[in-house]
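Sequential numbering from 1 along the given sequence is applied to the chain's residues. All values reported here derive from a predicted model rather than from experimental measurement.
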Amino acid sequence: MNETAGGDFWETWSCSLSIAPSMAPIPDHQPNGLLPPFLGPDPTTRALMSPHMATPEEFVAKFATSEARRRILTGYLNHREAIRRTGLTTGFQWLAGSFADRMTREPNDIDIVTFFVSPNGWDQSAVVHANPTVFRPHLSKVKYQCDAYFVSLSAWPRVNASRLLSDHGFGAWARRYTISGGAPKHRRRRHAHRRRAEAPSQDDPEFLVKISAYWFGLFSHQKLTFWWRGIVCVPLASHDNDAAARDMLQLMAEQT
């Protein structure tokens, strides 16, 4: 896949996603407190499978059920705004974790993976360095209450496929080509020569499949029970819906 074709595909798909109305409301929780992983009698209908599509306003309406949750959602909307200020406006987000569950205790944060398309001339290293509280999860949790991770849809690393699909190889490349804090310093020094020799390219879409499968597998199962659960997908470029979501949170605060 060449860069132009790939970019056009993702931009067209994501833009259509951002303006399309939700196919259905976010479904009700199951008796176990988890979102259903699919709708209907079986999971073979692709349109009824999780992730469940929603706008930011719909997500707020569904999950802003307490003061603590409203604070987290305010942080989430602020984080989305900060992402767009860095130049990333095309993409989508998977929202999951205990925040999307119905439970007796209050959540501490919201788990997010943002799949993004880099605009032309976007310098990932420089932008991440200038905006650490947006892109580093341990910092975004403090400032925005968002456990936030990022996956690029614009470029894949050039890497031997057999090493990529091994646990060790995947872990190393996942740290290197997703925005998640990077590898430990001693490992960065040890493999610096390899990083210079293996620049990112469009040649290995297997990486995108592998990293997406990792996040979906992690988010779509509860850690303690291993129960299958649904997650929510929200488009990144939703300025109007974000404003409506903020208005909704403000109205809720005034009514309490």
Side-chain angles (χ1 to χ4, degrees), residues 22-43 48-83 92-114 133-134 136-150 180-181 213-236 238 241-242 244-256:
S22 296
M23 297 180 61
I26 301 173
D28 292 334
H29 290 90
Q30 302 173 106
N32 61 8
L34 308 182
L35 291 176
F38 59 90
L39 303 177
D42 64 71
L48 299 180
M49 279 287 295
S50 168
H52 305 293
M53 296 302 306
T55 65
E57 185 179 9
E58 291 168 335
F59 191 77
V60 166
K62 179 72 172 180
F63 295 104
T65 55
S66 68
E67 182 179 353
R69 284 175 168 270
R70 289 191 288 272
R71 284 197 301 269
I72 295 174
L73 285 166
T74 298
Y76 166 61
L77 294 175
N78 291 340
H79 189 249
R80 283 170 58 84
E81 182 179 350
I83 292 173
F92 56 94
Q93 296 181 308
W94 286 352
L95 310 178
S98 59
F99 188 89
D101 299 340
R102 186 185 62 213
M103 54 185 185
T104 55
R105 68 172 180 85
E106 296 288 6
N108 297 316
D109 52 39
I110 180 171
D111 294 339
I112 307 168
V113 174
T114 299
T133 59
V134 175
R136 303 303 191 196
H138 65 288
L139 298 178
S140 65
K141 288 178 69 172
V142 174
K143 183 170 183 177
Y144 299 104
Q145 293 182 276
C146 293
D147 193 7
Y149 300 84
F150 293 78
S180 59
Y214 166 77
W215 285 118
F216 186 77
L218 181 66
F219 280 175
S220 63
H221 290 85
Q222 195 176 51
K223 293 179 182 178
L224 296 179
T225 65
F226 303 110
W227 286 338
W228 193 12
R229 64 181 176 187
I231 64 177
V232 180
C233 181
V234 173
L236 184 58
S238 301
N241 282 314
D242 279 28
R246 288 186 184 278
D247 291 343
M248 182 179 294
L249 285 172
Q250 180 63 34
L251 181 60
M252 291 177 178
E254 294 172 354
Q255 292 176 342
T256 56

Could you state the interatomic distance from [atom1] ([X]) to [atom2] ([Y]), rounded to the nearest 0.5 Å?
| X | Y | atom1 | atom2 | value |
| --- | --- | --- | --- | --- |
| K223 | L218 | NZ | CG | 5.5 Å |
| L77 | F59 | CG | CZ | 10.0 Å |
| H138 | D147 | NE2 | CG | 11.5 Å |
| C233 | I26 | SG | CD1 | 11.0 Å |

Exercise. Verify side-chain contact (heavy atoms from CB on, under 4.5 Å) between V234 and R80, making sure each step is shown before the conclusion.
Key: CA-CA 11 Å; V234 173; R80 283 170 58 84; 3.6 Å; yes

Self-check item: salt bridge (Lys or Arg N to Asp or Glu O under 4.0 Å) partners of D101, counting only residues at least two apart
Solution: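 Listed in chain order: R229.
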
Practice problem: Check salt bridge (Lys or Arg N to Asp or Glu O under 4.0 Å) between D28 and all other residues, then give those that pass, not counting sequence neighbours. | Solution: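 Applying salt bridge (Lys or Arg N to Asp or Glu O under 4.0 Å) to D28 gives K62.
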
Quiz prompt | Plane angle bin for W228 and H221 - parallel if under 30°, tilted between 30 and 60°, otherwise perpendicular | solution =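 Aromatic pair H221/W228 classed parallel.
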
Practice problem: Would you please indicate yes or no on a ring centroid separation below 6.0 angstrom for F219 and W94? | Solution: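 No; F219 has its ring centre 6.0 Å or more from that of W94.
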
Quiz item: Y144: what forms a ring pair (Phe, Tyr, Trp, His ring centres under 6.0 Å) with it, not counting sequence neighbours?
Solution: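 If we apply the ring pair (Phe, Tyr, Trp, His ring centres under 6.0 Å) test to Y144, skipping adjacent residues, the hits are H79.
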
Closest non-hydrogen atom pair between [X] and [Y], with its separation:
| X | Y | answer |
| --- | --- | --- |
| F150 | A148 | CE1-CB, 4.2 Å |
| V134 | I83 | CG1-CG1, 3.8 Å |
| Y149 | P137 | CE2-CG, 3.6 Å |

Practice problem: Quick one: list whatever passes side chain to side chain donor-acceptor pair (under 3.5 Å) with N78, sequence neighbours left out. | Solution: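 By the side chain to side chain donor-acceptor pair (under 3.5 Å) rule, N78 matches R246.
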
Practice problem: With sequence neighbours excluded, tell me which residues meet side chain to side chain donor-acceptor pair (under 3.5 Å) with T225. | Solution: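 T225: side chain to side chain donor-acceptor pair (under 3.5 Å) contacts with Q222.
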
Quick one: list whatever passes side-chain contact (heavy atoms from CB on, under 4.5 Å) with [X], sequence neighbours left out.
| X | value |
| --- | --- |
| Q255 | L251 |
| P27 | P36, L39, H52 |
| N32 | Q30, L34, W227 |

Quiz prompt | Derivation and outcome, side-chain contact (heavy atoms from CB on, under 4.5 Å), residues I72 and F63 | solution = CA-CA 10 Å; I72 295 174; F63 295 104; over 6 Å; no

Quiz prompt | Side-chain touch V60/Y76, heavy atoms, less than 4.5 angstrom | solution =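 Side-chain contact under 4.5 Å: no.
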
Exercise. Provide the full list of salt bridge (Lys or Arg N to Asp or Glu O under 4.0 Å) pairs with a residue in residues 63-77, sequence neighbours left out, each pair given once.
Key: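 Residue pairs passing salt bridge (Lys or Arg N to Asp or Glu O under 4.0 Å), neighbours aside: E67-R71.
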
Practice problem: Any salt bridge (Lys or Arg N to Asp or Glu O under 4.0 Å) involving residues 32-41? Give me the pairs, sequence neighbours left out, ordered by first then second residue. | Solution: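 Every pair satisfying salt bridge (Lys or Arg N to Asp or Glu O under 4.0 Å) with a residue in residues 32-41: there are none.
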
Please list every donor-acceptor pair under 3.5 Å in which a side-chain atom of residues 105-114 meets a protein atom from a residue at least two apart or in another chain.
from, atom 1, to, atom 2, distance (Å)
E106, OE1, S66, OG, 3.0
E106, OE2, S66, OG, 3.1
T114, OG1, Q93, NE2, 3.0

